[in-house]
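Scope of the values below: all heavy atoms of this structure, side chains included, with no hydrogens, waters or symmetry mates. Chain letters run A, B, ... following the sequence lines, proteins first and then strands; every chain starts at 1.
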Amino acid sequence: MCNKKKGNYYITTAIAYTSGKPHIGNTYEIVLADSIARFKRQQGYQVFFQTGTDEHGQKIEDKAKEIGITPKEYVDQIAKKVQSLWDLMNTSYDKFIRTTDEDHQKQVQKIFKKLYQQGDIYKGYYEGMYCKPCESFFTISQLVDGKCPDCGREVESAKEEAYFFKMDRYAQRLIDHIQTNPEFIQPESRKNEMMNNFLLPGLQDLCVSRTSFQWGIPVDFDNKHVIYVWIDALSNYITGIGYDVDGNSTEQFKTFWPADLHLIGKDILRFHTIYWPIMLMALDLPLPKQIFGHPWLLQGDGKMSKSKGNVIYADELVEIFGVDAVRYFVLHEMPFENDGVISWELMVERVNSDLANTLGNLVNRTISMLNQNFGGVIMDKGVKEDIDEDFIQVSLETPKKVIEKMEKLRVADAITEIFILFKRCNKYIDETMPWVLAKEKEKSDRLATVLYHLVESIGIGASLLKSFMPQTSEKILNQLGICERDLDKMDVYKWIPDGTKVIDKPEILFARLELNKVLAKVEEQQKKEVEMMKKEEEKKTVVDIEAKSEISYEDFAKLQFQVGEIIACEEVKKSKKLLCSQVRIGSQVKQIVSGIKAHYTAEEMVGKKVMVLVNLKPATLAGVVSEGMLLCAEDENGQLGLMIPEKDMPAGAEIC
RNA sequence: GGCGAGAUAGCUCAGUUGGCUAGAGCACACGGUUCAUACCCGUGUUGUCGUGGGUUCGAAUCCCACUUUCGCUACCA
């Protein structure tokens, strides 16, 4: 179909961390990447566009624990949310990678091993400050007033075994690369930050493993350790397209690596411009061509915060304004280097002036005039006047300008160029005054020509708009009854065949909005959001169950509870739910079967000291004898938690 | 503390190597127009270009000091 391939283009976004729902600031990145990917495709490149989620780490482990589900269940939920948001924004990614994908994990383990065997990674000690109650390490710079940043208590210095990546081996090569490739780090001002803060003073070795949590990819030759975020997350750019450490990389990898563009937030520039290139050097792979650290989209009045209920999420914006309006806003308002601002007021202003007035109204009035005068049929009668020349000139220049801006990744400027064309169209209508021509029969051919020119130019504009506002572009072309124009066919001003018919009744592309109404809606949405949060909190803290009838003390005294230490535990083979534990109670050991396999693994049961009902009549469950009961608390979702004494108690201690 | 970026019309921002009588869009006012979503077109107002000093024939643009905002400051994913 398309045999004019210009070459390959591999673009990536950062993978989103699955600690929560991404807000509009995070969503900006995927839309920006999407518009670039789509434009490259429009230009005839074979594009591969990758995005995804980063799903490991302490935070995830903690959050999952808090809610009472497994980390995997937790990240499954969030990853789903992220992906559906990306889909809502109509982004055309080719691959959505998750760091919990099996093939990714496998390669990351192999990468780690290879770097270790090569001597790039060595085992050492990670020294820092340790907060006992919080069970976490901090660097000195992280401390608040020399105390734990989480709980404010005293910390003590401590060591943790860890693997480190030797940086100095490649540092000079990287410095040279950055200096000889000025386009490597964009925008350029960020380059200095990296050079001055890190590279020139000398790099410290990077800690690449952890023993303080489990939710990560295990180091396969040293099980205590999990691979820390950097090697895990950054590798997605190569594992996602089929890199293999042993040399069996896919054709896809050979086609697309090195990446043309890593699009990332400016906050993670360090990892992408220093650690990632060094990793690649160690793997003997070429470096990505460009890393672009984009600025942030901030909210006008103060920082977004969940508790204030003023966080703006993409789906809320979309509900009120529609996908393309949101895409337009984030792409157009985001400056190249400095942070941009978003507010409901600004959003309404842009929609009304640019989308409703300039663009929507232009399409609408053009179609109306065609219908009123020519039954909707477009005919080029060739009655040109001098006044047309400049208009045609602008129409033909616009595609060139847009391409030029996109070459420099100046997406906002590219969109501005397109809208300059639409404005010029409106002006052309005033210059030619079609409603005057319509009154004189002998001017009919001139009128047809004018309207033809309009459709031609709008067609150029709409085709150019495709990468940025795909749905709108299509709607306009459909309403005009014309085809999309290829980027390389924009130099001819005679594209539309005579006799093309526009739609009978123009459909409003963007309705004008009243700020008051929008704000009222927003308030409603946010109220709902806050209420939902409250409800969730309540759910979290309180569970009501059906009351049982009162019992006497004698009834209670019949029950004997003791602390039991689980010394061994295995799954009951025949059963889906049961775990069989050997529980030390005083000097004796009881075998107890419990239906908690969905909540605890056999391994993690071992060593726990739990509350046991010891004088329960033995029973046989799934063919296994059970001599008591482990007591659990259950929440409204059926999540179970073992009862464990608040202080360490010896096995056999009576619970009374 | 160190390194870096910014401070330009009511708002959001452009201003390349010094030549600007300082710009654009939005908002505002007036005029025109009526095909169209009270829309479109035109004209216009508003600025000691953060403060003070210096270099220069000439500085928003270069240099110095100050005020102020922000980013990075190494393991947070």
Side-chain angles (χ1 to χ4, degrees), chain A residues 14-19 53-60 99 126 128 136-142 149 162 164-165 167 187 189-198 200-208 210 215-216 228-230 232-234 266-271 274-275 293 295-296 298 300 332-333 335-343 345-346 348-350 352-373 412-413 416 419-420 423 425-438 447 451 454 506-513:
Chain A
I15 49 179
Y17 195 54
T18 45
S19 61
T53 41
D54 174 17
E55 309 189 350
H56 292 124
Q58 175 108 51
K59 252 189 210 171
I60 306 280
T99 54
Y126 170 47
S136 36
F137 264 96
F138 300 101
T139 57
I140 292 171
S141 63
Q142 278 176 288
F164 285 87
F165 196 122
M167 286 287 147
S189 60
R190 298 277 155 195
K191 191 171 97 180
N192 304 325
E193 251 171 50
M194 296 304 127
M195 283 298 231
N196 295 335
N197 281 327
F198 304 103
L200 296 178
L203 283 175
Q204 287 173 25
D205 289 348
L206 181 72
C207 171
V208 290
R210 277 297 151 90
W215 181 238
Y228 200 44
V229 56
W230 315 124
D232 177 4
L234 290 167
K266 60 184 185 181
D267 55 327
I268 48 173
L269 213 64
R270 187 169 94 232
F271 306 107
I274 296 178
Y275 303 130
W296 292 117
L298 302 174
H332 181 255
E333 290 308 290
F336 189 67
E337 250 177 279
N338 299 321
D339 289 336
V341 178
I342 184 166
S343 70
E345 287 82 355
L346 286 171
V348 170
E349 196 178 290
R350 290 262 74 86
N352 282 345
S353 67
D354 296 350
L355 301 182
N357 293 351
T358 301
L359 175 57
N361 184 50
L362 168 67
V363 174
N364 197 300
R365 68 201 297 212
T366 303
I367 292 173
S368 294
M369 285 189 281
L370 274 159
N371 278 320
Q372 282 166 29
N373 296 295
D413 294 345
T416 299
F419 275 77
I420 288 174
K423 287 187 177 187
C425 290
N426 277 322
K427 189 173 171 178
Y428 180 68
I429 296 177
D430 267 53
E431 287 169 345
T432 53
M433 293 189 286
W435 54 92
V436 173
L437 299 173
L447 177 58
L451 293 177
L454 270 174
E507 186 197 326
I508 302 268
L509 287 171
F510 297 95
R512 282 183 61 82
L513 299 166

Visitor: Taking all non-hydrogen atoms of both residues, which atom of Met194(A) and which atom of Leu269(A) are closest, and how far apart?
Guide: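 Scanning both residues completely, I find the closest heavy atoms to be CE-CB, 4.1 Å.
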Visitor: Which whole number of Å gives the distance between the P atom of A9(B) and that of A22(B)?
Guide: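 The answer is 14 Å between these two P atoms.
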Visitor: Take atom NZ of Lys423(A) and atom P of A24(B), then tell me their distance rounded to the nearest Å.
Guide: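 Roughly 12 Å, once rounded to whole Å.
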Visitor: Output the single nucleotide from C75(B), C40(B), C76(B) whose closest atom is nearest the side chain of Cys207(A).
Guide: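 Nearest to the side chain of Cys207(A) among the choices is C75(B).
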Visitor: In whole angstrom, give me the gap between the P atoms of C75(B) and G15(B).
Guide: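 Looking at atom P only, C75(B) and G15(B) are 36 Å apart.
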Visitor: Any sub-3.5 Å donor-acceptor pair from Asn352(A)'s side-chain atoms to Arg512(A)'s backbone N or O?
Guide: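 No; judged by distance alone, with no hydrogens or angles, the pair does not exist.
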Visitor: Using 30° and 60° as the class boundaries, would you call the ring planes of Tyr228(A) and Trp230(A) parallel, tilted or perpendicular?
Guide: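 Ring orientation, 0 to 90° scale: perpendicular.
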Visitor: Mind checking the C1' distance from U12(B) to A7(B)? Whole angstroms is fine.
Guide: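 Result for the C1' pair: 15 Å, nearest Å.
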Visitor: For Ile420(A) and A14(B), give me the distance from atom CD1 to atom C1', rounded to whole Å.
Guide: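 Roughly 12 Å, once rounded to whole Å.
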Visitor: Tell me the interatomic distance from Arg350(A), atom CZ, to U12(B), atom C1', rounded to whole angstroms.
Guide: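 Distance, rounded to whole Å: 8 Å.
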Visitor: Taking ring pair (Phe, Tyr, Trp, His ring centres under 6.0 Å) as the definition, give me every residue that meets it alongside Phe164(A), ordered by chain and number, with sequence neighbours left out.
Guide: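 Testing Phe164(A) for ring pair (Phe, Tyr, Trp, His ring centres under 6.0 Å), a comparison that skips the adjacent residues, returns Tyr122(A).
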Visitor: If you look at every heavy atom in Gly360(A) and Leu509(A), which pair is closest and at what distance?
Guide: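 Scanning both residues completely, I find the closest heavy atoms to be CA-CD1, 4.1 Å.
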Visitor: Rounded to the nearest angstrom, tell me the gap between atom CE in Met195(A) and atom C1' in G2(B).
Guide: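 Result: 18 Å.
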Visitor: Roughly how many Å apart are C62(B) and C49(B), using the P atom of each and rounding to a whole number?
Guide: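 It works out to 16 Å between them.
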Visitor: Both Ala356(A) and Leu346(A) contact RNA chain B. Which one's nearest nucleotide lies toward the 5' end?
Guide: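 Of the two residues, Leu346(A) wins.
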Visitor: Would you mind reading off the distance between Arg210(A) atom CZ and C75(B) atom P, rounded to a whole angstrom?
Guide: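 Going from Arg210(A) (CZ) to C75(B) (P), I get 9 Å.
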Visitor: Is Lys427(A) near enough to C40(B) that one of its side-chain N or O atoms lies under 4.0 angstrom from OP1 or OP2?
Guide: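 Looking at the OP1 and OP2 atoms of C40(B), neither is under 4.0 Å from any side-chain N or O of Lys427(A).
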Visitor: If I pick the P atom on U67(B) and the same atom on C57(B), what distance separates them, to the nearest angstrom?
Guide: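 So the two P atoms sit 32 Å from each other.
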Visitor: For Ile274(A), answer base if it contacts any base atom (sugar-phosphate contacts may also be present), sugar-phosphate if it contacts only those atoms, and nothing otherwise; contact means non-hydrogen atoms under 4.0 Å.
Guide: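 Ile274(A): no heavy atom of the nucleic acid under 4.0 Å.
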Visitor: Tyr228(A) near the nucleic acid: base, sugar-phosphate alone, or nothing, with a heavy-atom cut-off under 4.0 Å?
Guide: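 Sugar-phosphate, no base atom in range.
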Visitor: Expressed as a whole number of Å, how far does the P atom of G18(B) sit from that of U56(B)?
Guide: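 Those two atoms are separated by 16 Å.
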Visitor: Please report the distance, rounded to the nearest Å, between CD in Gln58(A) and P in C75(B).
Guide: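 Computing the Gln58(A):CD to C75(B):P distance gives 15 Å.
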Visitor: Which nucleotides of nucleotides 28-36 of chain B have their base under 4.0 Å from a protein heavy atom (B), which only their sugar-phosphate (S), and which neither (-), written as one string 5' to 3'?
Guide: ----BSSBB
Visitor: Ignoring hydrogens and angles, tell me if any N or O in the side chain of Trp215(A) forms a donor-acceptor pair with the backbone of Glu55(A) under 3.5 Å.
Guide: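 Yes, the answer is positive, given that a donor and an acceptor are paired below the 3.5 Å cut-off.
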Visitor: Please map the stems of RNA chain B, keeping only stretches of three or more Watson-Crick or G-U wobble pairs with both distances under 3.5 angstrom.
Guide: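 In RNA chain B, stems of three or more pairs: B:1-7 with B:67-73, B:10-13 with B:23-26, B:28-32 with B:40-44, B:50-54 with B:62-66.
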Visitor: On RNA chain B, check which nucleotide each of Leu206(A) and Leu509(A) is closest to and give me the residue with the more 5' one.
Guide: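 Nearest nucleotide further toward 5': that of Leu509(A).
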Visitor: Does any N or O in the side chain of Asn373(A) come within less than 3.5 Å of the main-chain N or O of Met369(A), such that one atom is a donor and the other an acceptor?
Guide: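 Yes, the answer is positive, given that a donor and an acceptor are paired below the 3.5 Å cut-off.
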Visitor: Check the distance between C40(B)'s P and Glu431(A)'s CD and give it to me in whole angstrom.
Guide: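 From Glu431(A) CD to C40(B) P: 16 Å.
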Visitor: How far apart are the closest heavy atoms of Ala14(A) and Ile268(A), and which atoms are they?
Guide: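 Here Ala14(A) and Ile268(A) meet closest at CB-CD1, 3.7 Å.
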Visitor: Starting from P on C40(B), measure out to CG on Asp354(A) and report it in whole angstrom.
Guide: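 After rounding, the reported distance stands at 10 Å.
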Visitor: Quick check on U73(B): is either OP1 or OP2 less than 4.0 Å from any side-chain nitrogen or oxygen of Arg270(A)?
Guide: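 For Arg270(A), the contact criterion (side-chain N or O under 4.0 Å from OP1 or OP2 of U73(B)) is met.
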Visitor: Remember a base hit wins even if backbone is also touched, and classify Gly216(A) as base, sugar-phosphate or nothing at under 4.0 Å, heavy atoms.
Guide: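 Nothing, no nucleic acid heavy atom in range.
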Visitor: If you measure from the C1' atom in C40(B) to the same atom in U17(B), how many Å do you get, rounded?
Guide: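 Pairwise C1' distance, C40(B) against U17(B), rounds to 41 Å.
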Visitor: Judged by atom type as modelled, is there a donor-acceptor pair below 3.5 Å linking the side chain of Thr358(A) to the main-chain atoms of Ser353(A)?
Guide: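 Side chain of Thr358(A) to backbone of Ser353(A), a donor-acceptor pair under 3.5 Å: yes, one is there.
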Visitor: So what does Asp413(A) hit on the nucleic acid, given a heavy-atom distance under 4.0 Å: a base, only sugar-phosphate, or nothing?
Guide: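 Touches nothing.
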Visitor: Using a heavy-atom cut-off of under 4.0 Å over every strand shown, decide if Thr358(A) touches base, sugar-phosphate, or nothing.
Guide: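 Sugar-phosphate, no base atom in range.
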Visitor: Give me the distance, rounded to whole Å, that separates G19(B) from G58(B) when you measure between the P atoms they each carry.
Guide: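 About 14 Å, rounded to a whole number of Å.
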Visitor: To check you understand the geometry: which heavy-atom pair defines the closest contact between Asp205(A) and Met167(A), and what is its length?
Guide: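 The answer is OD1-N, 3.0 Å.
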Visitor: Only one of Thr99(A), Thr53(A), Asp54(A) passes side-chain contact (heavy atoms from CB on, under 4.5 Å) with Tyr17(A); say which it is.
Guide: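 So the option named by the test is Asp54(A).
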